[in-house]
Q: 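A single structure is presented below for examination.
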Amino acid sequence: MFQLGIAETARQLAARAFSAVELTQHFLDRIRRHNARLNAIITLDEARSLAAARTADEHIARGKAGSLTGIPILHKDIFCANGWRTACGSRMLENFVAPYDAHVVSRLEAAGTVILGKTNMDEFAMGSSNETSWFGPVRNPWRTSAVPGGSSGGSAAAVAARLALAATGTDTGGSIRQPAALSGVCGLKPTYGVASRYGMIAFASSLDQAGPIATSAQDLALMLNAMAGFDARDSTSLERAAEDYARDLERPLRGLRIGLPKEFFSDAVQPEVAAAVEAAIGEYRRLGATSVEVSLPNMHLSIPVYYVLAPAEASSNLARYDGVRYGYRADAFDDLVDMYERTRAEGFGAEVKRRIMIGTYVLSHGYYDAYYLKAQKIRRLIATDFARAFEQCDVIMGPTSPTTAFELGSRTSDPVQMYLSDIYTIAVNLAGLPGLSIPAGFDAAGLPVGLQSIGNYFAEARLLNVAHQYQRATDWHRRVPADFAG
Amino acid sequence: MQWEIVIGLETHVQLSTRSKIFSGASIAFGAEPNTQACEIDVALPGVLPVLNARAVEKAVRFGLAVDATVNRRSVFARKNYFYPDLPKGYQISQYEIPIVERGSLEIVLGERSKTVRLTRAHLEEDAGKSLHEDFHGMSGIDLNRAGTPLLEIVSEPDLRSAAEAVAYGKTLHALVRWLDICDGNMQEGSFRMDANVSVRPAGTTDFGTRCEIKNLNSFRFLERAIEYEARRQIDVLEEGGTIRQETRLYDPQRDETRTMRSKEDAHDYRYFPDPDLLPLEIGADSLHSIAQSMPELPGAMRNRFVATFGLTPYDASLLTTSREFAHYYESACAGLSGTTPKLVANWMTGALAARLNESGCDITQSKVAPEQLRALIGRVADGTLSGAMAREVFEALWAGEGEVDAIIERRGLRQISDSSELDRLTDQVLAQNAAQVADYRAGKAKAFNALVGQVMKVSKGKANPQQVSEILRRKLALPGYFLPGA
């Protein structure tokens, strides 16, 4: 039952092969059996999930099923869901129960999904390994001593272990695509503005974007159909006509021009990753695509630019966690300033504090021009690089991350090494483009490799088409980690 | 040494929208604490601001009224600092590119007028309120005011005395009410001023070190605070001291200003463009339609009153302190010409203003309607009423005794303008006051007034004094005039 994928599951629900309650119970059982080894899910409310499943069954019975009615999914704990604890991986919000729904959550609910629970994540989405979570690290289902990637590591690991059919994620510098790659699942970051950020706890507002994680491109399309859409409550949400992201899935790839940026194929890439990506490009050629070398000359600046802009925005976005109105407050303090200092010193973890300090520094009087303003200028150059590249090709392909999953604890003492894990994903956020990662093989240790495809603005349907055609020809995405296959 | 005082004012004008500048919560004054603070005002995790278009429209109206540049593109920035009544940990304001720049405001001081340059006006949100009483060692926070739309209007340091500052404040206050962008309620904090004050030796051009006096919410406090502060600075300088740049508070109880914080304690606000709000773009169409909806402005109306009604600029400025007052004047003057409009002005700024003031009414609550005032003045102009009689009729009108002619009839207030009757009366007075006649003839001008007074007395105040003067003058001028019966 857990390997059917969304489209097939929906068909069988409609055909009454099983009920939504049975389906939900099945996944709740899997979570109970497997989650302890992964720590992917940090909040469950079985009664509530089953109640939602019963409602879904009623809708199915009355012929009122939506596209995702009865489909059990997980939400990254960065999304506010009314009545659910929404902790964002932080001690700061450990006891925060959201009193309202994020737009993405209400859209998915309107489509009929059943929420199974909330997934673990790097604290405030700051991390690439899911080790910064206050709720402990998430482990990779393919090898539990390895990280699942981050920050949407809980969502990626849970989907990889088939603890839900799909999950939501957010991607600020690669936080959907990199864990999807490291955990062997599919993840899509849409064009900035396609999914509303309302109710999604902000890390870096100009980069944050919600997207789905699932086991196939087709399922990503079905999820995105529900998640995307204009929301007047988000001023950066784009007012566009609704589109069916699955409409082009079956389009043949003949004539597809794949751009291969030379900067994506350097010595920094683990050879097995490079080999898997090249093999995937070979498969695309067999499917009728051609490839052309392109260049993104300012790509090497994307990490330094990102680590100025994202912390700058974060330092301001996280100022509201001050112990005054909700969330964590230090037990004992002398006065107001002491209350602020203790609350924030105790409520935030080390990586969050590091980024708040970096961000505060780069916005300080006398440094703003040298850091923030300069970084904004380079950000524009990076976007221009992509615009030039897309004059020559339809999609850009390369590795999602330079390596496969690394061992827990192996990079925690070296933040720069950790940051390099997102070297191929960050530029996409800086430019606001859509990007997608799908499984494309394994390394010698049996850890999955992710293939990243980057599209032009609003090319989500094309990216999904490109991924789906590959998945028709290959079966990497169907592999389930051995320990979780039963 | 002679000193010159230099003053610039920053005025926070609360815009009279229905809802807050970035949320849908009401801004009505006086609600129970925290009942008008929605999830956005409380800064729950995940919420986002959406700009209130009405606030923008009101800011544009102001810009057009002061002949300023309305920037077609302006930018919201975050001003970062921690305070318990600032829920997000930052205030959304405009920093580098405000909505309005480079305007001017003409103020009238007695018979002199002066143009004050406006540096800028920008949109921002208000903070909440900290309540330090009634909570036994703790502070209460009321977020009802958080997010209230403000227009901060900054003048150039063009003012040279407390009186000029007050005139500026009053003119601005009248203008924002005129434009219907602010209710002007100073007790409720809808219009509050900060004064930047410095002094310099008269005749020099360099500015002295300034001190900023915060939160002056009455014109009297503005005047007192500036006078005290200028005196203080002059005393310091004359004793050989130097002025420290600082922020000061005015204490009305003690009538003094004192240090609130020095420049060294000044925050580094780490301004940066708010990534949650796109730059504010104002289209040519909406600019045009706002321009079309502008009322005639007080300055223009003032000039028109001077030109068409022959008023002094000072009288015209008194009549244009509010739109309602000016409209009253125009209705009262309808169809009048010659010197009568001048009489209407005198009545309005004299008797009517005094009555309104006494009863705490504004002009819209006047118990004397413009048509009634016009009728009353008509009866003065046609000689029916003397000044004293007119005053009596006015009081009767105010007391609600009916229409002008009915009151005149009822009270028997008709003036004697019949010349044969006046002939008789003057002859009688001349006959009985031979001494005064002799004095007049001997060149004592005063004696003439005494004779007029006698005629008025004999007529019980009903004689038309102008006609009496004419008749007396004529009779006394006859060379061979001798007294009847003498």
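Naming convention: chains lettered A, B, ... in sequence-line order (proteins, then strands); numbering from 1 in each chain. Heavy-atom basis, side chains included; hydrogens, waters and symmetry copies ignored.
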Q: Check each atom of A:L207 against the heavy atoms of chain B and say whether the ones under 4.5 Å are side chain, backbone, both or neither.
A: neither
Q: Specify the closest pair of heavy atoms between B:V50 and A:A232, including all atoms of both residues, with the distance to one decimal.
A: CG2-O, 3.2 Å
Q: Could you list each donor and acceptor atom pair linking chain B to chain A at less than 3.5 Å?
A:
unit_1	atom_1	unit_2	atom_2	d
B:E39	OE2	A:Y198	OH	2.6
B:V42	O	A:R325	NE	2.7
B:A43	O	A:Y326	OH	2.5
B:L44	O	A:R320	NH1	3.0
B:P45	O	A:Y100	OH	2.7
B:G46	O	A:G199	N	2.7
B:V47	N	A:Y100	OH	3.4
B:P49	O	A:S235	OG	3.0
B:R78	NH1	A:S316	OG	2.9
B:R78	NH1	A:N317	OD1	2.9
B:R78	NH2	A:N317	OD1	3.1
B:N80	OD1	A:S316	OG	2.8
B:Y83	N	A:Y340	OH	3.4
B:P87	O	A:R325	NH1	3.4
B:P87	O	A:R325	NH2	2.7
B:K88	O	A:R320	N	3.4
B:Y90	OH	A:R320	NH2	3.4
B:D268	OD2	A:H365	N	2.7
B:D276	OD1	A:R197	NH1	3.1
B:D276	OD1	A:R197	NH2	3.1
B:D276	OD1	A:S205	OG	3.3

Q: At a 4.5 Å cut-off on heavy atoms, which part of A:A312 comes close to chain B: side chain, backbone, both, or neither?
A: backbone
Q: Using a cut-off of under 4.5 Å for heavy-atom pairs, which of B:L143, B:L277, B:L278, B:L44 has the most such pairs with chain A?
A: B:L44
Q: What is the minimum heavy-atom distance between B:F82 and A:A319, and which atoms define it?
A: CE2-O, 3.3 Å
Q: Between A:L318 and chain B, which part of the residue has a heavy atom less than 4.5 Å away: side chain, backbone, both or neither?
A: neither
Q: Please determine, among B:G89, B:P45, B:P84, B:P275, the option with the most heavy-atom pairs under 4.5 Å with chain A.
A: B:P45
Q: I'd like to know which of B:P273, B:G24, B:A43 tops the heavy-atom pair count under 4.5 Å against chain A.
A: B:A43
